[in-house]
Amino acid sequence: MTTSDKLDVTRYSRQILLPQFGKKSQQQLLSKKILIIGAGGLGCPAALYLAGAGVGSLGIVDNDTVEISNLHRQIAHKESLEGKPKAESLREAIRSLNSSVQVQVILQRLTQYNVLEVIADYDIVLDCTDNVLTRYVINDACAVSRKPLVSGAAIGWDGQITVYCASNDCPCYRCIFPEPPPPHCVGSCDANGVLGPIPGIIGCLQALESIKLAACIEQAQVLIGRLLVWDGLTSKCRVFQLRTRNPNCVACGVESRKDFCDYDYASFIGCSPSVCVIPSEKRLSPREAKERIAQSNGDSSEYFCLDVRPSVQYELCHIEGFHNIPLDQLASRVTEIQQQVNQGKRILVICRRGNASQQAVALLSSWNIHPVYDIFGGIEEWRKQCDPSLPYY
Ligand SMILES: Nc1ncnc2c1ncn2[C@@H]1O[C@H](COP(=O)(O)OP(=O)(O)OP(=O)(O)O)[C@@H](O)[C@H]1O
């Protein structure tokens, strides 16, 4: 039997027919191991296209479970698998598409402590996650291990992708952003929303760049050192040249540190708004808050209830009697709140999860608006303690 007989020529015929691809590239793909970190909006399309293309082995890392709010974009998962691990759900989808692909499932959260071991066995790594800390963890490990990293991101209407390749003379993520930004500058899909096809497009591009790398296609130009930005609202796509590599970068520079696990991630977490900044006497549980509101009933209520979430979230669902002044409008609309205080009202503040409401209480207190109370845990905790009919989003 010749090598070409071992190939499932029929299955892969449409890509083998490409003159730049051919049997040689198909064999390269079959011999490669690719790791996909994150089985969400980016990871689902990336994994399915890589499986369809015939990558020999795929690893999937994810510690989360399937939720109904994932399904508009995380297209490998199914309603019937709600609550099941995403990595296992994605493995099932891969198996039903191409049973010849080997799949390893890693149901762990990737951290600075396990990352080197997890990526060690793979030729290419895809960052399909959604948070800045993990982005640094993956970047640093790939830079130190000299592994190509196909990095994608999607939020709202926008997506972007680049390829970091420490063995080439291109920058890594840490060359461009040496330190994590403050947490309040970082958006997330669950706070800001995302349209399904945006991660779909970027996940497909991640699969494409990975195939070009894995199949060693000579004529292909990979997005190494270049950033592709897709604006879904205007359908504009731009490619930027990234700045050159920082020779002193702690991750990929000449003196790159193998002990990068010691980086001070705590300083990032330490300034997280989820850390309580409000004294306990200014905080009420949803149950306590509800009881207090009920005791001082109707228009003559001694409480003015404030919901500081963005308007789009307030429209999605809100608690009866709560008025919406989004956190970013608090300063310009503070007189509305002052008027309520002048009428003898106490201010109760709620948000989605209890972070923005703490910031609002701190701001109002600094403007001498008293008394003001934070409802801890936000709408999510209110749903658990007081009203299960509030939708989860
Ligand atoms: N450190 C990590 N280790 C393993 N998986 C991770 C890590 N960080 C993020 N992920 C996974 O990456 C995926 C990213 O998916 P996506 O951006 O579509 O958002 P989501 O977290 O599933 O959904 P939503 O933001 O709507 O709650 C998630 O499944 C998440 O569990």
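Both counts, for ligands and for their atoms, begin at 1 and track the order of listing.
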Classify the contact between [X] and ligand 1 as side chain, backbone, both or neither, using a heavy-atom distance cut-off of under 4.0 Å.
{"X": "Q108", "answer": "backbone"}
{"X": "L133", "answer": "neither"}
{"X": "C128", "answer": "backbone"}
{"X": "T134", "answer": "side chain"}

### Query
When you measure from the side chain of Q26 to the backbone N and O of A53, does any donor-acceptor pair fall under 3.5 Å?
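Side chain of Q26 to backbone of A53: a pair is present.
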Tell me, which protein residue and heavy-atom name are nearest [atom], and how many Å apart are they?
{"atom": "atom 10 (N) of ligand 1", "value": "T129 CG2, 3.9 Å"}
{"atom": "atom 7 (C) of ligand 1", "value": "R109 NH1, 3.4 Å"}
{"atom": "atom 15 (O) of ligand 1", "value": "G40 CA, 3.5 Å"}
{"atom": "atom 27 (O) of ligand 1", "value": "D190 CB, 3.9 Å"}
{"atom": "atom 12 (O) of ligand 1", "value": "G38 CA, 3.4 Å"}

### Query
On the ring face of Y373, is K282 found with NZ or CZ under 6.0 Å from the centre and within 45° of the axis?
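Geometry flag: not set, cation outside 6.0 Å or 45°.
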### Task
Validate the cation-pi geometry between R352 and Y393: distance from NZ or CZ to the six-membered ring centre under 6.0 Å, angle to the ring axis within 45°.
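Geometry flag: set, cation within 6.0 Å and 45°.
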Give yes if a backbone or side-chain nitrogen or oxygen of [X] is under 3.5 Å from a nitrogen or oxygen of ligand 1, and no if not.
{"X": "K86", "result": "yes"}
{"X": "L110", "result": "yes"}
{"X": "D130", "result": "yes"}

### From CA spacing to verdict: side-chain hydrogen bond (donor to acceptor under 3.5 Å, both in side chains), S285, E381
CA-CA 8 Å; S285 72; E381 195 55 34; over 6 Å; no
Could you list the atoms of ligand 1 found under 4.0 angstrom from a heavy atom of [X]?
{"X": "G41", "answer": "15 (O), 16 (P), 18 (O)"}
{"X": "Q74", "answer": "16 (P), 18 (O), 19 (O), 20 (P), 22 (O), 23 (O)"}
{"X": "N131", "answer": "8 (N), 9 (C)"}
{"X": "N70", "answer": "22 (O), 23 (O)"}

### Query
Does I37 belong to the same Ile/Leu/Val/Met/Phe/Trp/Tyr cluster as V137, with side-chain heavy atoms less than 4.5 Å apart forming each link?
yes
### Query
Among the clusters formed by ILVMFWY side chains lying less than 4.5 Å apart, do F240 and F177 turn up in the same one?
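Hydrophobic grouping puts F240 with F177.
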### Query
Taking the non-hydrogen atoms of G43, is any one of them nearer than 4.0 angstrom to ligand 1?
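Contact absent.
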### Query
With a 4.0 Å cut-off on heavy atoms, does I37 reach ligand 1?
no
### Task
Take L35 and L126 through the test side chain to side chain contact (heavy atoms under 4.5 Å, CB included) and record every step on the way to the result.
CA-CA 6 Å; L35 182 68; L126 272 66; over 6 Å; no
#### Entry: Flag for R135-T129: side-chain donor and acceptor within less than 3.5 Å
no
### Task
Determine whether the side chains of N98 and Y12 contain a donor N or O and an acceptor N or O closer than 3.5 Å.
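Side-chain D/A pair, N98 to Y12: present.
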### Message
Run C172 and C175 through side chain to side chain contact (heavy atoms under 4.5 Å, CB included) and show every step you take.
### Response
CA-CA 5 Å; C172 77; C175 290; 3.9 Å; yes
### Query
Are W382 and F322 close enough that their ring centres sit under 6.0 Å apart?
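Between W382 and F322, the centre distance is under 6.0 Å.
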## Note on the structure
Looking only at non-hydrogen atoms, the one of N63, V118, D64, D62 nearest atom 29 (O) of ligand 1 is D62
## Note on the structure
In terms of its nearest heavy atom to atom 26 (O) of ligand 1, the top option of E67, Q112, H72, R73 is R73
### Task
Report the C-alpha separation of Y314 and H318 in whole Å, then their side-chain angles, then the decisive distance to 0.1 Å, and conclude whether the ring pair (Phe, Tyr, Trp, His ring centres under 6.0 Å) test is met.
CA-CA 5 Å; Y314 179 81; H318 59 262; 4.0 Å; yes
